[in-house]
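Before any comments, here is the structure.
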Amino acid sequence: MTTQTNENNIIIQANDLSIYYGSFRAVKNVNLGIQRNKITAIIGPSGCGKSTVLRAFNRMNDFVQSAHNDGKILFHGQDIYAPEVDPVQVRQMIGMVFQKPNPFPKSIYENIAWGARINGYKGNMDELVENTLQAAALWDEVKDNLKKSALALSGGQQQRLCIARALAVKPEIILMDEPCSALDPIATLKIEDLMRELSVKYSIIIVTHNMQQAARASDLTAFFTMDEDRAGLMVEYGETSQIFTRPKDKRTEDYITGRFG
Amino acid sequence: MISDPFAATEHNRVASGLSRRHRTGKIWQAIFFSATVIGLVALVALLWTVLDKSFSYVAIEYKVDPATLSSKPLQELTNAELVNLLEANLSKNRFRTLDRKQTLTERTHADLLTLIYDNIVEPRALASYSMSQWIASSQEIRAEVAEKYPDAKLEFRAWINGDFLIDPLSGDPLLVGVRTALMGSLFLILITIAVAFPVGVGSAIYLEEYADKNKWYNRIIQTNIDNLAGVPSIVYGILGLAIFVRTLAPLTSGALFGNADANGRTILSAGLTMALLILPVLIINSQEAIRAVPNSLRQASYGLGATKWQTIWNHVLPQALPGILTGTILAVSRAIGETAPLIIVGAATFITSDPTGPFSKFTALPIQIYNWTTRPQEVYRNIAAAGILVLLISLLTLNAAAILLRNRFSRQHA
Ligand SMILES: Nc1ncnc2c1ncn2[C@@H]1O[C@H](COP(=O)(O)OP(=O)(O)O)[C@@H](O)[C@H]1O
Ligand SMILES: [Mg+2]
């Protein structure tokens with residue numbers, strides 16, 4: 001699979017990546033180069049390994065005991081699975097936002113300050129909290145009660161708080177695994193707008209099962225599907241406009257036109 | 001005409017067996033309700049017997065009736081008047097011996113009263129009738145006492161009272177107090193918690209957060225802990241005797257710390273044995289509390305570049321703490337009431353000095369209660385009942401304290 005991208009602009013690259021759970025191969029032979037400061041969407045039918053690939057990018061799969069990989073993931077050219085690499089550091093640089101909003105059961109302020117503090121942030125914490133909340137478009141809604149429990153926020157607000165929390169650690173890449181699937185349409189649009197703003201500074205990879213979302217909010221789209229052996233594979237990767245208007249592969253076309261499954 | 005949708009053929013009451021389904025539900029509800037009632041009745045019966053026996057009418061015979069000693073009740077006399085009473089009613093020698101032990105004029109009021117009771121009044125309880133017996137047949141009891149014990153007086157007595165709490169153990173049922181045993185139990189529980197809590201929570205953290213559950217040795221550890229929770233307490237007593245009292249005697253007796261005349265039958269040995277006893281339950285409860293912490297919380301933490309320990313310390317433990325505390329309360333409550341292992345590791349049945357440190361000889365509430373119930377005299381039933389009340393109250397106090405603590409933690413993290 002070749003993509004019409006400028007090679008120096010690649011921030012993270014999967015080379016011949018296969019991911020196994022025990023002996024089950026969940027994803028096979030993925031070659032995917034993620035571009036800096038772009039929003040890349042990963043779409044495909046459920047169970048095709050989108051989340052699995054996403055979690056491989058910041059080594060969250062390490063917590064699944066049976067999971068192991070073949071191939072390489074290069075972050076600025078460095079293999080993040082090399083033995084000398086500390087996975088904690090990888091997750092610092094490659095943040096993650098999960099499907100279900102999962103704020104800590106602490107105050108709004110503390111949700112943001114904690115990650116920065118454990119990673120050794122020494123600057124002005126109030127400033128950082130304000131800046132990240134601004135960046136996550138949440139500041140105006142919460143600035144008067146930063147001491148309030150984060151659990152009292154609405155689902156959409158919680159998800160933006162989780163994004164702000166990830167920003168506070170100053171990552172380069174933000175991984176989002178179906179971040180809007182638990183949200184209503186208005187909250188979803190807010191997050192999409194937010195992603196657009198964030199892409200100026202960050203590279204974003206978003207897994208979504210919502211094709212309109214991918215079409216609306218992403219620059220590039222990777223389409224995954226499942227082989228006969230249930231292993232996921234990447235079918236096509238390119239500019240979002242091209243994928244949705246002139247797909248090269250029959251399987252992509254079937255999927256985006258709704259003729260799949 | 002509008003047709004009745006409820007009469008539609010395949011949905012009508014008879015066809016779908018609705019009345020039968022409702023009836024089954026009602027029957028089960030009744031069964032569950034009666035189960036609750038049975039439990040409640042048993043609890044009330046228990047409390048009633050204990051309370052009934054804690055207050056009784058006692059036939060007491062005095063060598064010298066306290067009413068004849070002074071015009072005022074003895075409690076209201078001053079220290080000086082009490083000393084005068086002692087001097088007037090005791091032989092010169094006896095008075096001087098007492099004075100030499102500890103100068104009488106320097107003794108406390110309570111001390112002097114005890115002396116007067118012990119040496120002059122010398123009351124003897126001849127028979128005791130519980131409140132319910134008294135209410136049912138006070139006439140017969142009066143007649144019986146007048147006939148059998150012509151010199152005795154029938155007096156109402158609340159066995160659980162201030163003196164009972166602060167007096168040390170005594171051979172005299174009318175003067176006996178529970179302080180020694182209460183202090184013993186409190187000391188014991190402190191040692192038990194201090195040892196079992198950190199060890200138990202630590203093991204639970206290891207087993208839940210670190211141990212690879214697929215490894216055979218971790219599975220063996222887990223299976224063993226689960227089974228140890230069901231081992232009878234007497235077995236732990238035997239274990240404690242072998243390990244703490246005998247093998248580790250130099251340590252548990254305090255010999256290593258310069259405590260000369262001591263053996264291993266100390267409050268420390270007993271506390272360690274109790275800690276061993278509650279450890280499996282504590283570990284299992286803590287494990288469950290830790291397991292109940294949602295994985296999404298751990299993932300959120302790891303996703304921010306937290307290490308395993310930062311995740312455990314900042315998120316898992318605070319979230320699990322209320323559950324861990326509840327589990328600890330349950331385990332410690334069990335330890336407070338345990339008797340068998342204490343008997344085996346050698347709690348004293350009669351001792352009048354309070355425990356002063358981990359190497360003290362000691363007794364404990366359940367030991368004394370057991371001891372009192374084995375005595376033949378009727379009054380000891382009353383004393384045992386009062387002892388049980390003290391035990392129940394300390395248990396409730398401890399639980400209330402722990403629940404308050406727990407609620408504070410869960411509010412902080414809600
Ligand atoms: N922790 C796991 N252990 C074992 N198999 C898993 C695990 N997570 C996902 N899988 C399997 O891997 C495949 C891909 O799952 P996933 O990446 O969640 O798909 P998607 O996100 O595209 O719906 C599925 O067949 C799923 O059953
Ligand atoms: Mg998924």
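We name chains A, B, ... by the order of the sequence lines, and we start the count at 1 in each one. Quantities reported herein were computed from a predicted structural model and do not represent experimental measurements. Basis for what follows: all heavy atoms, side chains included, without hydrogens, waters or symmetry-related copies.
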Side chain to side chain contact (heavy atoms under 4.5 Å, CB included) between B:Tyr302 and A:Met96, intermediate numbers included: CA-CA 9 Å; B:Tyr302 288 131; A:Met96 192 158 204; over 6 Å; no

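In this structure, the side chains of B:Ser301 and A:Ile118 stay at 4.5 Å or more apart for every pair of heavy atoms. Using a 4.5 Å cut-off on side-chain heavy atoms (C-beta onward), A:Phe63 and B:Arg298 make no contact.
For A:Arg165, the parts lying under 4.5 angstrom from a heavy atom of chain B are both the backbone and the side chain. For A:Val169, the part lying under 4.5 angstrom from a heavy atom of chain B is the side chain only. For B:Asp212, the parts lying under 4.5 angstrom from a heavy atom of chain A are both the backbone and the side chain. A:Pro103 touches chain B through its backbone: at least one of N, CA, C or O sits under 4.5 Å from a heavy atom, while the side chain does not. Only the side chain of A:Phe98 comes within less than 4.5 Å of a heavy atom of chain B; its backbone N, CA, C and O stay farther away.
Judged by distance alone, with hydrogens and angles left aside, the side-chain atoms of A:Asn102 form a donor-acceptor pair with the main-chain N or O of B:Ser296 at under 3.5 Å. For A:Asn119 (side chain) and B:Leu304 (main-chain N/O), a donor-acceptor pair under 3.5 Å exists by modelled atom type.
Separation of atoms CD (B:Gln310) and CH2 (A:Trp114) is listed at 5.5 Å; rounding is to 0.5 Å.
Looking at every heavy atom in both residues, B:His315 comes nearest to A:Lys106 through CE1-CE, 3.6 Å.
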